[in-house]
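Here the structure comes first, spelled out in structure tokens, and everything after it is commentary.
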Amino acid sequence: VGGSEAPDSDKPLKLEIETSLRASAVAVTLTDTALTLGGEKLTGGLDVSLADPLSLDVGLKGGSIDLDKLMPKLMSLTEASGAAAPSSGGGSAATGSDAPFDIPRDLTGAIDLSIDALTYNGETARNATLKAAIGGGVVTLTKVGADLPAAAKLSVNGTLRARSGKPYFSGGVKAGAPDMRALMQFV
């Protein structure tokens, strides 16, 4: 008698990393990296300089990421770890540890993330991009955006920093959509 496989949401979240590693006392470089989380794959690389100041450069690209499939698994990990889910009251979520939010002042670097297709609520956003620079305790979002369903576009820019141990974002959001009803189905 053959059994049926557990539904995707009941399977454990699996993380796989394949990479070429080069390391020394002052630097770590990952090239030809394939990071797969819950079946969703990103490729790229990572450079870390352990000198003073610490520097981190990350570049990752994904073809298609299905958040409808991935988010329930991530949320179950959050619940299992004892971390609270984000509140709807606009405040930051409490974590299992009460460590304050901080971005080290001596950390520098860059993040370049792009995903061709991002599925959420059964709808697909295209050309999702996040480009950011890190320095002086601040993450500067230089390009964050996507082409959303219903011919809508979204872009965000600004800065993220720690303020009183909590994340603080200051910036702007631009959004436009010819069909708001269709766009709201995505959100």
Side-chain angles (χ1 to χ4, degrees), residues 2-21 30-47 56-88 90 92-96 109-132 134 139 141-158 160 167 169 171 173-187:
S4 64
E5 213 171 281
D8 272 351
S9 61
D10 293 338
K11 290 182 181 179
L13 188 60
K14 185 176 180 181
L15 172 65
E16 297 177 34
I17 300 173
E18 293 182 33
T19 190
S20 296
L21 171 68
L30 305 177
T31 57
D32 302 321
T33 302
L35 182 139
T36 306
L37 179 64
E40 305 299 321
K41 185 175 185 177
L42 296 170
T43 59
L46 169 76
D47 285 313
L56 171 70
D57 291 319
V58 179
L60 293 171
K61 295 180 186 239
S64 178
I65 303 290
D66 186 344
L67 292 177
D68 291 336
K69 184 171 84 174
L70 190 58
M71 289 306 291
K73 294 177 183 182
L74 290 173
M75 294 307 290
S76 68
L77 279 178
T78 302
E79 291 164 4
S81 71
S87 68
S88 61
S92 64
T95 60
I111 299 168
D112 186 352
L113 174 65
S114 63
I115 300 170
D116 295 335
L118 193 61
T119 302
Y120 179 68
N121 280 343
E123 299 286 336
T124 302
R126 305 254 178 230
N127 306 315
T129 303
L130 182 145
K131 291 186 183 205
I134 307 166
V139 176
L141 302 175
T142 56
K143 181 178 181 184
V144 178
D147 298 331
L148 303 178
K153 295 204 178 274
L154 171 73
S155 67
V156 178
N157 63 14
L160 174 67
F169 176 77
V173 176
K174 280 186 181 179
D179 183 353
M180 285 302 292
R181 181 172 295 182
L183 176 61
M184 294 311 292
Q185 289 178 350
F186 178 75
V187 179

Interatomic spacing from [atom1] in [X] to [atom2] in [Y] - rounded to 0.5 Å:
X: D68; Y: E123; atom1: CG; atom2: CD; answer: 9.5 Å
X: L37; Y: E16; atom1: CG; atom2: CD; answer: 10.0 Å
X: L21; Y: L46; atom1: CG; atom2: CG; answer: 10.0 Å
X: D32; Y: T19; atom1: CG; atom2: OG1; answer: 7.0 Å
X: E18; Y: T43; atom1: CD; atom2: OG1; answer: 11.5 Å

Contacts of L60 that satisfy side-chain contact (heavy atoms from CB on, under 4.5 Å) - sequence neighbours left out: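 So L60 forms a side-chain contact (heavy atoms from CB on, under 4.5 Å) with L42, V58, L113.
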For D57, all residues meeting side-chain contact (heavy atoms from CB on, under 4.5 Å), sequence neighbours excluded: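 Result, side-chain contact (heavy atoms from CB on, under 4.5 Å) vs D57: D47, S55, A110.
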Which pair of heavy atoms, one from [X] and one from [Y], lies closest together, and at what distance?
X: G63; Y: D116; value: O-CB, 3.0 Å
X: A34; Y: K41; value: CB-CE, 3.6 Å
X: G45; Y: T33; value: CA-OG1, 4.2 Å
X: K69; Y: G38; value: CE-O, 3.8 Å
X: A146; Y: A125; value: CB-CB, 4.4 Å
X: A177; Y: A152; value: CB-CB, 3.5 Å

Any pair counted as side chain to side chain donor-acceptor pair (under 3.5 Å), so long as it reaches residues 142-154, sequence neighbours left out: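 Those involving residues 142-154 are N127-D147, D147-K153.
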Min side-chain heavy-atom separation L67-L118 under 4.5 Å: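 They are in contact (side-chain heavy atoms under 4.5 Å apart), so the answer is yes.
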Partner of I115 by side-chain contact (heavy atoms from CB on, under 4.5 Å), out of L130, I65, T129: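 The option that passes is I65.
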